[in-house]
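Working notes, beginning with the structure itself.
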Amino acid sequence: MAVELCLLLLLFCGSTISEVQPIYKPPPGTLDFGFVPSKTYDTGAYHEPGAIGILFKIVHAFLYLVQPNTFPQDLIRKLAQQQFGNTQGDYQKPENVVLTLQAIYYEIGFIVSAALGLLFILLLPLVGLCFCMCRCCDNCGGEMHQRQKKNADCQRSCFATFLFVASLIISVGVLCAYAANQHLTNQVRGAKKLVNSNFKDLKIFLNDTPAQIDYLVSQYNTTKDKALSDLNNVGPVLGTRVQEQLGKEVRPALDAALTMAGAIRETKEALENVSVSVEVLQEGTERLHANLTDVKMHLSNTLNDSACNAAQAASTCNIIKNSLEQLNINANFSGLPGVSSQLAKVNDVLKIDLSSLVQKGYAAFNDTPDLVVNQTRNILSDIKSVLESIGSNITTFTRALPVQKILADLMVHLTQTEAYVQDYFPVVEQYDFYRWLGCLILCCMLVLILVFYYLGLLCGTCGYDKHASPTTRGCISNTGGNFLMAGVGFSFLFSWVLMIVVVLTFVTGGNVEKLVCEPFEDKNLFKVLDTPYLLNKHWKNYLAGIIFKNPNVNLTFEKVYSDCKENKGIYTSLHLEHLFNINELLNISMYTEDVAFRIEHIQINLSKIILLDEIGKENLLNFSSSGVDGIDFSAYLTEINKSVTKVDLLSFANDLEARADQLPKGALENALKGHANNIRMIHNQQVVPLEQAMKYVKARSTLNQSIRLLKRTSSELMVKVKNVISAVNAAQNLINNNASQVIVQETKKYMDTIIGYFEQYTEWVKESISMEVAACKPIANVIDTAVDIFLCSYIADSVNTFWFGLGGSSMFLIPAIIFAVKLSKYYRRMDTEDVYDDTENGNNGYHKEHLYGIHNPVFTSSVEQW
């Protein structure tokens, strides 16, 4: 049922998916589908053991020493595929013998350790039995007699110290075992919360899937609304695009025509400025010319006087006569050609408003979006109906899927499973209590032994009197020795039981850690499970054979687990594209083809657009033949650049006055000085105003600017006008004849935009299915919870730590037994003792048995030798 759900919940939304492709990221500013609704899963499939984790790491290090070999993938594959025991000679086949030897080599660390444990189990009870029997025969320290030695105190201290150290090590082992036992119980008690969290996530997984499906379906409306928006605004969208493409040639042509219209107005203004400026300058220069002519005439008459014939004045008068030609104007504006005929022709051209004609062309061209709207009404209504049909088909198909029924059935099974688990939790806790109690009893066995040892050390140490003889030792000291021997006795009784538990848990827990937990962590365990023909000798890929009934599909446990671990969609994780060809079930491409076909047949006629009529073109030609280009611009510029007079009148007047001073005193001198004053007055009253007065300066400047403007405008005027007309004709020809190509090109782009919305939708659906819809993180969490947390972190680590502590304590029971037996001799009250007399008595320091009536074997043997 779970597989059916995973397949059906993706049946509709992968409508254009045949295989999972790289995630598509739409360009910014296009369609925003929002986020697929999803809830956060509560389960954190990770266990932090806390302080006891240090013990776990120590145990892992010890297991690495015991078993340093890497996970034997190939060996496990061969063992799983090899059949043993079918016939009697199977085990003797060479390949089976090799596999057995390889397995033994891999397990050699566990085998040797287990063998040592079995040896401990067998020998320690036997040694204990022999030890007891030996002591019953007053051997092995069973005789209640202690020989006195000079280093007795040193031996006693050493034995006590060694026993204490061994007891401490045993105590540490007991604490480790108890901590591991308690840790496992605590985790079992807290496992219910983790299990409930997993069930909750699985319910969220099932409950959220329909909402995610509905959201994917509903987001088709976003695509449809955007497409309808563009269709409703076909004028601003398609019309503007067509207008922009045509405008690359149309607008420059109209701009050139409008510029030429402005040039015509500027030409008229320039011609008017030339006419007015020339009149102003002609008036000033003519008056100056008349005055200078009058002065020159009077000066000439003065120089013709008889006084100039005198020898002293003749040369001076001749010099002055020769300079009279300089008294004349330099810039003669009267001789410049007029521009009245050109101005008249330009005024005739301006009778037609060329700018308004060009603006009409602009207005007609700017109406392109409206023309597109008016000519695409019928086609757009058909396209809108197609879009509506796509949405209705998606909704109909989605409702036809039995997703809700499948989800409801799965929810029932999940609820039943949860109830079953909840019912058996008390049973699990009860059996865990029995386990905890059994492990506690094992720990108590060691604790009992430790109690005897510690009490023996305490009583023996505190009650020992070095001045007392072995036969007169106090009760406390004797009790301490008895405690030590009691500890030895219980050690022999319990040690083999403890070692049995240690060996069993060591072999089991150690192999679980090395063969399950470690390979699960590095995913080598999945690689073994993914071995072709391992789980089923007829299937190459077991998981694909179960889901797709096609074992040739490359679907592996490792890939599914990794994808679910990354919280990818179940469609991606299980490669469901191999099960359903969803393109055939719900193929949007055929609708987009219909939309594309209808858009491609949009026909738009722009022949009604007139950029510039014949009147406007004729007006341009009339301007080019107005004669502006025939004006003698060089003559104007030459006169403008000349000075007002040929000579500086002030300099001339000063020079004339200086010449007059050279003449004899008289009427001639005075007359020449009078003429010099007249020349100065003409300069001040007429030349200076012509050079400085605003009226004349402005007229000269305006004339200069206007002539230069006319010169620029008239330069190749006919060519410029023809170019403008040619550009307008080319743009008009583009609209009339070649606009269809532009329209087809832009219509295709417009179609690509509309179809692009659907492509964005399908790409978004693919991304959502791959990463968000039915995200299978809960499945990976269930596996992690069962294997990594429950089996490995809770059980395996705790069990391994338990046998590690218990085994270490059991091993140190051996030296503890030895030291306790040795030490008890120094604490217990003896029945006999060695008595030392002075050497002169002839007793040689031995016990005198005849005095006490006690047989002294040492003394007897000495006597017999004598």
Side-chain angles (χ1 to χ4, degrees), residues 120 123-124 127-128 130-132 134-136 138-178 443-495 498-499 805-836 847:
F120 183 96
L123 292 182
L124 202 62
V127 170
C130 295
F131 180 73
C132 290
C134 183
R135 287 183 66 86
C136 290
D138 289 337
N139 294 316
C140 303
E143 181 188 8
M144 299 301 290
H145 173 80
Q146 184 178 17
R147 297 185 181 281
Q148 296 296 322
K149 297 180 181 180
K150 294 181 179 181
N151 60 347
D153 290 338
C154 180
Q155 287 185 347
R156 177 180 55 79
S157 300
C158 290
F159 291 149
T161 302
F162 290 150
L163 178 60
F164 181 71
V165 171
S167 299
L168 285 180
I169 295 175
I170 295 172
S171 301
V172 172
V174 172
L175 290 176
C176 291
Y178 177 79
C443 292
C444 289
M445 291 180 180
L446 287 171
V447 170
L448 180 61
I449 295 172
L450 288 173
V451 168
F452 284 128
Y453 284 158
Y454 283 128
L455 288 176
L457 287 171
L458 180 64
C459 294
T461 302
C462 294
Y464 181 77
D465 184 4
K466 63 180 181 178
H467 299 292
S469 64
T471 58
T472 61
R473 287 172 181 161
C475 179
I476 296 177
S477 176
N478 185 60
T479 302
N482 292 333
F483 276 137
L484 292 177
M485 292 308 298
V488 171
F490 281 111
S491 296
F492 282 118
L493 289 175
F494 296 153
S495 59
L498 297 175
M499 188 54 66
L806 202 65
S809 298
S810 300
M811 294 301 297
F812 276 91
L813 285 177
I814 296 176
I817 290 173
I818 296 173
F819 297 137
V821 171
K822 292 286 186 179
L823 184 61
S824 65
K825 201 76 172 178
Y826 293 93
Y827 292 158
R828 298 177 70 188
R829 184 183 300 118
M830 298 290 103
D831 293 337
T832 62
E833 62 178 334
D834 289 337
V835 178
Y836 291 87
H847 175 238

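For reference, positions follow the sequence shown, starting with 1. Below, each value reflects all heavy atoms present in this structure, side chains not excepted, and no hydrogens, waters or symmetry copies.
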Candidate list Val165, Leu450, Val447, test side chain to side chain contact (heavy atoms under 4.5 Å, CB included), partner Ile170, passing option:
Leu450

Calculate, to the nearest 0.5 Å, the distance between atoms [atom1] and [atom2] belonging to [X] and [Y] respectively.
| X | Y | atom1 | atom2 | value |
| --- | --- | --- | --- | --- |
| Gln155 | Leu823 | CD | CG | 11.0 Å |
| Leu493 | Leu124 | CG | CG | 10.0 Å |
| Ser171 | Ile449 | OG | CD1 | 11.0 Å |
| Ile169 | Phe164 | CD1 | CZ | 11.0 Å |
| Thr161 | Arg156 | OG1 | CZ | 9.5 Å |
| Leu484 | Lys822 | CG | NZ | 14.0 Å |

By the definition ring-ring contact (aromatic ring centres under 6.0 Å, His included), identify the one residue from Phe452, Phe483, Tyr453 that meets it with Phe490.
Phe452

Would you say CZ of Phe162 has more than 12 non-hydrogen atoms from neighbouring residues, nucleotides or ligands within 6.0 angstrom?
no

Just wondering, more than 12 heavy atoms not from Phe159 lying within 6.0 Å of its CZ?
yes

Could you please spell out the steps behind the side chain to side chain contact (heavy atoms under 4.5 Å, CB included) verdict for Tyr454 and Leu168?
CA-CA 10 Å; Tyr454 283 128; Leu168 285 180; 3.6 Å; yes

Please name the pair of heavy atoms, one in Leu498 and one in Ser810, separated by the smallest distance, quoted to 0.1 Å.
CB-OG, 3.5 Å

Checking Phe492 now: which residues fulfil ring pair (Phe, Tyr, Trp, His ring centres under 6.0 Å) with it, not counting sequence neighbours?
Phe131

Is there a donor-acceptor contact under 3.5 Å from the side chain of Ser809 to the main chain of Val174?
yes

